[in-house]
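Input: a single structure, listed below in structure tokens.
Residue numbers start from 1 in every chain, and the chains themselves are labelled A, B, ... in the order their sequence lines are given, proteins ahead of strands. Keep in mind it's a predicted model, so treat the numbers as computed, not measured.
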2 protein chains.
Amino acid sequence: MKKKEHKECMSALLPVRDTLDVIGGKWKLLILISIWEGNKHFREIERSIPKLSTKVLSKELKDMEENQLIIRTVLNGFPVRTKYTPTEHSKTLKKVILELQNWGINHRKKIFGDKSEKDNSISI
Amino acid sequence: MKKKEHKECMSALLPVRDTLDVIGGKWKLLILISIWEGNKHFREIERSIPKLSTKVLSKELKDMEENQLIIRTVLNGFPVRTKYTPTEHSKTLKKVILELQNWGINHRKKIFGDKSEKDNSISI
DNA sequence: TTCAATGGTTACCTAAAGGTAACTGGTTAC
DNA sequence: GTAACCAGTTACCTTTAGGTAACCATTGAA
């Protein structure tokens with residue numbers, strides 16, 4: 001019976017993996033937040049995040065579109081402009097991010113005995 | 001003012017990064033769950049997770065000890081045995097994992113239009 | 001005409017994560 | 001003595017994520 005329980009746990013981890021794939025990596029959350037903040041255009045998003053390269057941004061935006069976190073619209077007009085807008089689905093991530101943030105703050109206290117009670121409120 | 005808000009967001013992501021470092025990677029959650037389930041010894045944990053190598057397990061257990069998720073005890077006796085036990089701190093992760101799992105389940109529905117209402121309850 | 005801006009793509013390289021397998025030192029069972 | 005168990009370590013290799021920089025086609029401004 002123990003083995004069965006274990007296998008159930010493993011399959012229960014699949015959705016967890018999915019979520020980690022969506023928000024994991026060095027840039028995904030930065031890009032998502034930038035778009036939530038109102039940055040709409042490719043170069044605008046790129047400039048809003050220091051050290052982010054066009055190549056990585058391009059790839060991550062495609063991923064995020066596939067995951068229905070953003071919608072890509074090509075505006076007719078010249079020069080060609082694209083617009084990236086966040087979906088409602090993307091906003092359901094805020095709760096998850098908040099949970100990750102809270103645990104991280106607590107964890108830091110646990111590890112470093114950080115007694116400084118700074119204002120750590122999120123402002124996404 | 002917008003720039004300032006953005007920087008605040010970035011620093012708010014630091015604890016998020018911390019959490020993702022703790023639970024990210026291919027094996028960390030599997031190992032943690034295995035220990036939560038009651039597996040205590042090195043080979044026992046190793047055998048409980050298919051395809052996990054001793055090298056990776058060894059490294060991850062060290063990380064997890066540093067992050068105070070587990071306690072490593074060397075039992076005096078021969079052959080030398082070690083015991084890994086989960087901390088209370090590690091258990092505060094369950095809520096986070098549940099949140100990740102719920103979002104992942106919902107996300108899958110969104111992406112694949114999965115209408116099958118399976119029992120997806122977690123049993124950690 | 002040359003420069004900068006638009007939204008990207010391409011080729012090449014580095015660093016980190018993870019996989020493979022042999023090996024250590026010690027003990028017990030056959 | 002030899003095989004198998006314990007808890008790991010070490011050296012080497014592959015795969016993936018990400019970084020660097022040049023480049024494409026298009027337009028409008030100087």
Is the ring pair A/W103/B/H89 parallel, tilted or perpendicular, if the boundaries are 30 and 60 degrees? parallel

Identify all pairs in which a protein N or O lies below 3.5 Å from an N or O of nucleotides 4-6 of chain C, and state each distance.
from, atom 1, to, atom 2, distance (Å)
C/dT6, OP1, A/R47, NH1, 3.4

How many Å lie between CG on A/L30 and P on D/dG18, as a whole number? 11 Å

Counting primed atoms plus P, OP1 and OP2 as sugar-phosphate and everything else as base, spell out the protein contacts along nucleotides 13-21 of chain C at 4.0 Å heavy-atom distance: B, S or - for each nucleotide, 5' to 3'. -----BBB-

Across all strands shown, which nucleotide pairs with C/dC30 by Watson-Crick or G-U wobble geometry, both distances under 3.5 Å? D/dG1

Would you say A/L32 and A/P86 make side-chain contact, with heavy atoms under 4.5 Å? no

Check whether any side-chain N or O of A/S58 sits under 4.0 Å from OP1 or OP2 of C/dG8, and answer yes or no. no

Taking NZ, NE, NH1 and NH2 as the nitrogens, is one of them in B/E65 or B/R72 under 4.0 Å from a carboxylate oxygen of the other? no

For B/H107, the option from A/T92, A/D21, A/D18, A/N67 that meets side chain to side chain donor-acceptor pair (under 3.5 Å): A/N67

Using side-chain heavy atoms (C-beta onward) and a distance below 4.5 Å, is B/I35 in contact with B/L61? yes

Please report the distance, rounded to the nearest Å, between CD1 in A/I31 and C1' in D/dG18. 12 Å

Atom pair NZ (B/K59) and CE (B/M64), whose distance is rounded to the nearest 0.5 Å: 11.5 Å

Taking the six-membered ring of B/W27 as reference, does the cationic atom of B/K51 (NZ for Lys, CZ for Arg) lie under 6.0 Å from its centre and within 45° of its axis? no

Closest to the A/K62 side chain, choosing from D/dG8, D/dT9, C/dT9: C/dT9

To the nearest Å, how far apart are A/L20 CG and D/dA17 P? 14 Å

In whole angstrom, give the distance that lies between atom CD1 of A/I45 and atom C1' of C/dG8. 13 Å

Look up atom CD1 in A/I45 and atom CD in A/E60, then write down how far apart they are to the nearest 0.5 Å. 12.0 Å

Just verifying a value: how many Å separate B/R17 CZ and A/K26 NZ, rounded to the nearest 0.5 Å? 9.5 Å

Measure the distance from OH on B/Y84 to P on D/dC6 and round it to the nearest whole Å. 14 Å

